[in-house]
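The structure appears below as structure tokens.
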2 protein chains.
Amino acid sequence: MASKVTIADVARAAGVSASTASVVFSGKIKVSDETAARVRAAAADLGYRGPDPRAASLRTGRSGIVGVVMTASLRTAFLDPIAIATMDGIVSSVAHLGAGILLLRDDGHTPAATEVPLDAAVIFGSHRESSELVKSLSERGIPVVTVEGDPTWGVPVISLDNADAQAQLAHHVAGLGHHEVAVVSLRWNSTAEPGFQSASEAPTIDFTRERLAGVREVFDNPIVFSARGSSVDFGIEAANAILDHHQPTAILAQSDLLAAGVIRAAIERGLRVPEDLSVTGFDGVVVDGLAPYQLTTMHQPAYDKGRAVGDALSRLLDGEVAPSVRFTCTFRPGNTTAPPGRSPVS
Amino acid sequence: MASKVTIADVARAAGVSASTASVVFSGKIKVSDETAARVRAAAADLGYRGPDPRAASLRTGRSGIVGVVMTASLRTAFLDPIAIATMDGIVSSVAHLGAGILLLRDDGHTPAATEVPLDAAVIFGSHRESSELVKSLSERGIPVVTVEGDPTWGVPVISLDNADAQAQLAHHVAGLGHHEVAVVSLRWNSTAEPGFQSASEAPTIDFTRERLAGVREVFDNPIVFSARGSSVDFGIEAANAILDHHQPTAILAQSDLLAAGVIRAAIERGLRVPEDLSVTGFDGVVVDGLAPYQLTTMHQPAYDKGRAVGDALSRLLDGEVAPSVRFTCTFRPGNTTAPPGRSPVS
DNA sequence: TTGTAAGCGTTATCAG
DNA sequence: CTGATAACGCTTACAA
């Protein structure tokens, strides 16, 4: 059996005090080489593997763990390249900070974020319902940052100029001469089924709503179909539903994955892209297997968003205030949009 | 400011002892409704949000955290649908166990797995270099399970019959009459560049080696090109390299994603699949956008592998022994293999 | 059903 | 540079 040896045992064996031994391991204070060596020898001898993180964290108040709370199932979340890139940014900035990432889900199953020794938390892919969680975390004194969350929660929000970015795309399409457009949106709220959405109802998921608003700045009353999430297959499903009933000359998808699905569906129906149907995406990710098409899309700095989360966290952890950050997307023209009007394929 | 209130404060305010208050929160022992109510009221009053997880974990020896150590960067790891499905299985089985997943990377940056309060650890996507980590974790008394790891580490291994499965595919192809075959392998070791590999050198990544061995059971000296990882684009790259210099009638890819890339590259070169080139995959995942092709492949139960990890962990945590589990892949015929010999496209 | 007592293994502080 | 002392906040036998 291992792990019954404590730092006190080591200290005793080395003939020093526990505090000295502790310092040898943490390296926070100078210790003479000789005693340090003696302590290390004793540790090796007894099979002591370093301070117990549980005890250390009780004493220091730091666990080295940052919770990332996701609203979607992990499987869904990890399907989305943007989520992954953002996570990647978070991970690397947080690693720099000496911490690791604990995956949490805001549901009944996973251990509550409040039952786990967190130094800080990130609420990721937020929905309205997260507000309670934010509150209880804050009350515990745990710094919270949110990605695309609600500004009214009173914690820093790392977000995108969703509406403006989507409006740029809409302007681009309008400038090409399109009038009949449809939107394939991301999830409408945390539970909704996919389907057509009337103009009157607003999505509760923030970025879905904002991007839609961007389209509406330009087009009065677009057809809107909300997909189940961001994937090629959901895009195919949405496009088929739309094209079964309508004849838009352009479809604006709220993600590149959805756009790729729209293109695939269009092609299978004998429509040419962009001659018969223009398609735009959102995200600016590389979609595996979409060539020779190059999506007309907005590129979002997902990785940088993740880094920004880490920066905010580190400020908060230092007791400073951290500002919200709103990133700007950049327009990336491709070959999937063109003026409308060429007649349907013969 | 919050979080300065301890359970002792609450107890005092409620006029009970700390232990009673503790029990009210843990619910492990009966407490009269009346006192429980008084304690809760006091807690609400003082803004006490429940026991501090750090202190609780020092006392109980449990943190509710399972570390998952990945060898690749998250970005890379999460590109692979198999990795995601396995993670998903781990997450759900571990959640059942009341624990969360801490993402760790076996490099210099992320906090060492030994500096964080883990109840157990999973070594995921193992390579030879992980053996030290396994050792130091075990010495701390932290149960370890590995996915596709090395049996000699002395911890349970959840794995696949890689060699047999790949051999089945090779037999299938041989049975069709192919003689000239090439292999597109997964990463050769943790650092290698993509490229042709001679027969003499063995990969240090276990499943790459095992699957290759499966091919070699059937074909003496296949051409081998090791890709940079598992993706459609890497498959395209590999196939182009192979087809530039060789004329195999079949290519066995070590993953479905790679196989999809091979198919795409072949088509772009004017080869018909399977008439001019047979292609097999490995994994049995749905590759977005591969239709109308249906890969001939081996299906691996990735999610179940993840569940098995959780099962093993929970046994280990209960002080029992956990057996290694080797899952069996199942052959899934598709339309990407056929007898060779039709002449090249005219 | 409730209270008492005794740590869990570290580390910060401060004096020597 | 080293050592004594005192928490960190909670849980759990055991006793009342």
Side-chain angles (χ1 to χ4, degrees), chain A residues 1-40 42-43 46-64 114-119 140-142, chain B residues 1-40 42-43 46-64 114-119 140-142:
Chain A
M1 279 286 64
S3 249
K4 199 69 192 164
V5 268
T6 76
I7 203 171
D9 299 326
V10 174
R12 197 172 312 120
V16 300
S17 76
S19 32
T20 305
S22 169
V23 162
V24 168
F25 288 106
S26 73
K28 292 204 161 187
I29 298 184
K30 267 172 209 153
V31 178
S32 81
D33 288 353
E34 197 216 345
T35 43
R38 222 169 51 239
V39 170
R40 276 183 218 296
L46 300 177
Y48 179 73
R49 309 298 298 176
D52 178 338
R54 283 176 241 274
S57 104
L58 171 57
R59 182 61 238 228
T60 62
R62 279 268 196 290
S63 62
T114 48
E115 294 171 351
V116 142
L118 300 183
D119 287 348
R140 278 190 118 85
I142 296 176
Chain B
M1 279 288 67
S3 251
K4 197 72 192 164
V5 269
T6 76
I7 202 171
D9 299 326
V10 173
R12 196 172 313 121
V16 300
S17 76
S19 44
T20 306
S22 169
V23 163
V24 169
F25 288 106
S26 73
K28 292 205 162 187
I29 298 184
K30 267 172 208 155
V31 178
S32 79
D33 288 353
E34 198 216 342
T35 43
R38 223 169 50 240
V39 170
R40 277 183 217 295
L46 301 177
Y48 180 74
R49 309 297 299 177
D52 179 336
R54 283 177 243 274
S57 102
L58 171 58
R59 183 62 236 231
T60 61
R62 278 269 196 288
S63 63
T114 49
E115 294 171 352
V116 141
L118 300 182
D119 287 348
R140 280 189 117 87
I142 296 176

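Protein chains get the first letters and strands the later ones, always in sequence-line order, with residue 1 at the start of each. Side chains are part of it too, since the values below use all heavy atoms of this structure and drop only hydrogens, waters and symmetry mates.
To the nearest angstrom, P of dT12(D) lies 12 Å from CZ of Arg62(B). For the pair Ile29(B) CD1 and dT2(C) P, the interatomic distance rounds to 11 Å; values are reported in whole Å. Per the geometry, CG belonging to Leu58(A) stands 12 Å off P belonging to dT11(D), to the nearest Å. Between Arg49(B) atom CZ and dG9(D) atom P the separation is 17 Å, expressed in whole Å. The CZ atom of Arg140(B) sits 12 Å away from the C1' atom of dG9(C) (whole-angstrom rounding). In this structure, the CG atom of Asp9(B) is 13 Å from the C1' atom of dC8(D), given to the nearest Å. Rounded to an integer number of Å, the gap from CZ of Arg54(A) to P of dT11(C) is 14 Å. Atom CD1 of Ile7(B) is separated from atom P of dC8(D) by 15 Å (rounded to the nearest Å).
Thr60(B) has no side-chain polar atom (N or O) that falls below the 4.0 Å cut-off from OP1 or OP2 of dC10(D). OP1 or OP2 of dT2(C) lies within a sub-4.0 Å distance of a side-chain N or O belonging to Thr35(B).
To the nearest 0.5 Å, the span separating OG1 on Thr60(B) from CZ on Arg54(A) amounts to 7.0 Å. To the nearest 0.5 Å, the span separating OG on Ser57(A) from CZ on Arg62(A) amounts to 11.0 Å. Atom CD1 of residue Ile7(B) and atom OG1 of residue Thr20(B) lie 9.5 Å apart, to the nearest 0.5 angstrom.
Side-chain proximity of Ser32(B) to dT10(C), dC10(D), dT1(C): nearest is dT1(C).
Annotation: side chain of Arg140(A) is in contact with side chain of Thr114(A) (closest heavy-atom distance under 4.5 Å).
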Taking only distance into account, with no hydrogens and no angle test, what donor-acceptor pairs under 3.5 Å do side-chain atoms of residues 21-33 of chain B form with protein atoms, sequence neighbours excluded?
| from | atom 1 | to | atom 2 | distance (Å) |
| --- | --- | --- | --- | --- |
| Ser26(B) | OG | Lys28(B) | N | 3.4 |
| Ser32(B) | OG | Thr35(B) | N | 3.3 |
| Ser32(B) | OG | Thr35(B) | OG1 | 2.8 |

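Side-chain atoms of Arg59(B) and base atoms of dT11(D) include a donor and an acceptor less than 3.5 Å apart.
Scanning both residues, Leu58(B) and Leu58(A), for their nearest heavy atoms gives CD2-CD2, 3.2 Å.
By the salt bridge (Lys or Arg N to Asp or Glu O under 4.0 Å) test, Arg59(A) is found to be paired with no residue, residues two or more places apart in sequence or in another chain being considered.
For the contact set between residues 11-26 of chain B and DNA chain D, defined by any heavy atom under 4.0 Å, the members are Ser19(B), Ser22(B).
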